[in-house]
Structures are given as structure tokens and as C-alpha cells.
Amino acid sequence: PNGTYNPNSGQSSVFNCQICSAGRYCADTGLSAPTNLCAPGFYCPSGQVVPNPASYICPIGHYCMPGATEPVPCPPGTHQDVQGQSSCKPCPSGYYCAGFDNVTDPVICPAGYYCPFTNLRPIACPFGYYSGQGWTNCSICPAGTSCPNATTLFPCQPGYFSREGDGECTPCPPGFRCPSVDSEPIVCSLGTFATGAADSCTSCPAGMACPSTTKFLDTAYFCVSGTY
């Protein structure tokens with residue numbers, strides 16, 4: 001009968017027929033071998049009579065190649081949101097597909113991470129870089145900002161500075177001033193000084209001296225006896 005075959009000759013009983021092999025179908029009576037492989041996008045347990053049994057269409061999150069005996073989960077880096085497919089889709093850029101535990105819908109890449117094409121999991125931005133949701137690459141933190149959590153840019157406060165890619169703001173060194181977020185430390189001019197983390201230099205008070213060399217611009221020195 002349909003759904004069976006018998007490779008042996010001279011048999012006298014229907015009970016000598018064998019159930020059609022899994023992954024194949026037996027469409028006619030009197031077969032000595034299965035008719036053919038199960039159709040792509042379907043899977044065939046034993047005993048099938050058509051290549052595309054409606055009860056065994058390949059479910060979402062899986063793929064079924066010709067001759068499949070059961071659905072195969074999409075591997076990491078792929079997904080499948082349509083049933084009856086013989087292959088899985090590559091994970092799109094800006095998303096990740098962990099595979100097996102979540103094989104139907106790509107997950108958008110979270111901020112602070114990046115997800116290139118066919119990515120298995122989010123990749124954390126290195127220090128000094130940042131990203132937003134769904135980004136395929138991280139961007140370098142610009143000068144004058146900090147990005148400690150790799151997701152948000154914070155401008156440096158007056159008296160602090162950062163260079164491109166630093167990722168954090170640094171106090172302006174003694175003897176220098178940092179008046180704006182996008183400037184390098186500026187050395188104090190003759191007659192002024194700064195003790196550190198300053199956005200401006202302070203005029204040297206009366207009775208004190210501020211030498212012009214950088215080494216001494218962090219402190220005002222009292223005039224020695226006999227000078228003013």
C-alpha cells in the first residue's frame with residue numbers, strides 16, 4: 001500500500017511490506033523502493049506518501065533540506081522567521097543572532113556594543129569608543145569628552161581636558177589652564193600661575209614671583225629678602 005515498499009521478491013503478505021523510510025516518501029502501491037526524498041522545506045517521519053506533507057512543514061527558526069527527517073535549528077549567526085524554508089537567513093548588520101535559543105527574530109544590538117554582519121553576539125566597544133543602539137561599528141570618543149559607559153558622551157568640565165580616544169577627562173596639569181572642552185592645556189603666561197585643574201591662570205600677587213619656566217608655574221613664590 002501507499003506509504004510502504006518491499007525490496008524483496010516472492011513475498012505473499014502485506015505484513016512483509018516495510019514502512020517508508022524517514023526522509024523519504026512512498027507515493028504508489030507496489031513499490032520496491034521509496035519514491036524519492038522529502039521536499040525541501042518539509043520533513044518526513046517514516047510512512048509518508050507525499051513529498052510535502054502539510055503536517056510536517058518546516059517551522060520558523062529551523063530549516064529542512066531535501067530528505068530531512070526532522071527540522072534543524074538555525075545555527076548561531078542566522079535566523080528564520082518564515083516557515084517551510086530549506087535554509088536560514090544571515091543575521092543582518094546592527095543585530096545579533098545567538099542561535100538555538102532565539103532563532104526566529106534578530107535582536108537589535110544594544111548601545112555600548114557593535115554588531116557586524118552575521119554576528120553571533122554583541123561585541124563590547126573598547127575603552128575610548130562608544131556606540132548607540134543598532135550600530136555596526138563603534139566611534140572614537142572625540143576630544144573634550146568622556147564616554148565612561150561607552151554609550152553616552154559627556155563634555156569635560158572647565159579645568160579638565162581629553163584627547164580623541166581618551167575616554168575620560170583629565171585634570172589640567174599645574175602650570176596650565178584648560179578654558180574650554182576642545183582645547184589642549186595652555187601654559188600659563190609670565191606673571192601668572194595655576195595649581196592644577198584650572199580653567200584660567202591666576203595673576204601673581206604682590207610680593208610674590210611667578211617664574212616663567214613651566215616647572216615653576218604651579219606656585220607663586222615669595223620675594224626673597226631685599227627684593228619686591
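In what follows, every heavy atom counts, from backbone to side chain, and hydrogens, waters and symmetry copies are set aside. The chain is numbered in sequence order, starting from 1.
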Taking all non-hydrogen atoms of both residues into account, name the closest pair between Pro51 and Cys44 and its distance. O-SG, 4.2 Å
Out of curiosity, Asn119 CG to Cys109 SG, how far, rounded to the nearest 0.5 Å? 7.0 Å
Atom pair SG/CE of Cys58 and Met65 - distance to nearest 0.5 Å: 11.0 Å
Between Thr136 and Ser93 (side chain of the first, backbone of the second, donor and acceptor by atom type, cut-off under 3.5 Å), is there such a pair? no
Can you tell me if Thr192 uses its side chain to pair, donor with acceptor, with the backbone of Thr202 under 3.5 Å? no
Between Cys26 and Cys20, is the SG gap short of 2.5 Å? yes
Working to the nearest 0.5 angstrom, can you tell me the gap between Cys38 SG and Arg24 CZ? 11.0 Å
Residue pairs involving residues 28-42 (criterion salt bridge (Lys or Arg N to Asp or Glu O under 4.0 Å); sequence neighbours excluded): none
For Tyr130, ring-ring contact (aromatic ring centres under 6.0 Å, His included) partners two or more places apart: Trp135
Pairwise ring-ring contact (aromatic ring centres under 6.0 Å, His included) hits with a residue in residues 22-70, at least two apart: Tyr43-Tyr56
Calculate, to the nearest 0.5 Å, the distance between atoms OG and CD1 belonging to Ser200 and Ile186 respectively. 11.0 Å
Which residues satisfy the salt bridge (charged side-chain N to carboxylate O under 4.0 Å, His left out) test with Asp81, sequence neighbours excluded? Lys89
Quick one: are Tyr5 and Pro34 in side-chain contact, heavy atoms under 4.5 Å? yes
If the condition is salt bridge (charged side-chain N to carboxylate O under 4.0 Å, His left out), which residues does Arg121 pass it with, not counting sequence neighbours? none
Sequence neighbours excluded - ring-ring contact (aromatic ring centres under 6.0 Å, His included) pairs with any residue from residues 106-125: none
Find out whether Cys141 and Leu153 are in side-chain contact, i.e. whether some heavy atom of one side chain is under 4.5 Å from a heavy atom of the other. yes
Could you report the tightest heavy-atom contact between Pro126 and Cys138, atom names first, then the distance? CD-SG, 4.5 Å
May I ask you to list the residues sharing a hydrophobic cluster with Tyr129, side-chain cutoff 4.5 Å, ordered by chain and number? Ile140
Does Cys88 have any disulfide (SG to SG under 2.5 Å) partners at least two apart in sequence or in another chain, and if so, which? Cys74
Distance-only, no hydrogens or angles: does the Ser131 side chain make a donor-acceptor pair with backbone N or O of Gly112 under 3.5 Å? yes
How about Phe193 and Cys188: do any of their side-chain heavy atoms sit closer than 4.5 Å? no
Output for pair (Gln80 CD, Asp105 CG), nearest 0.5 Å, gives 10.5 Å
Nearest heavy-atom neighbours spanning Gln83 and Gln85: O-NE2, 3.2 Å
Given 3.5 Å as the limit, does a donor-acceptor pair link the side chain of Thr69 with the main chain of Pro45, or not? no
SG of Cys178 to SG of Cys156, below 2.5 Å? no
Quick one: closest heavy-atom pair of Phe176 and Cys201, and the distance? C-SG, 4.5 Å
If we only count heavy atoms from C-beta on, is the Pro110 to Pro122 side-chain gap below 4.5 Å? yes
Go through the steps for Asn16 and Asn8 under the test side chain to side chain contact (heavy atoms under 4.5 Å, CB included), then give the verdict. CA-CA 9 Å; Asn16 295 125; Asn8 303 310; over 6 Å; no
Restricting to pairs with a member in residues 163-176, which pass side chain to side chain donor-acceptor pair (under 3.5 Å), not counting sequence neighbours? Arg163-Glu184
Would the SG atoms of Cys97 and Cys91 measure under 2.5 Å apart? yes
Grouping ILVMFWY residues whenever side-chain heavy atoms fall under 4.5 Å, the cluster of Ile19 otherwise contains none
Once you round to the nearest 0.5 Å, how far does CZ of Arg177 lie from CG of Asp199? 9.5 Å
For Val49, what are the other residues in its hydrophobic cluster, where any two members join if their side-chain heavy atoms are less than 4.5 angstrom apart? Val50
If you link ILVMFWY side chains whenever their heavy atoms are less than 4.5 Å apart, which other residues fall into the same cluster as Leu37? By chain and number, please. none
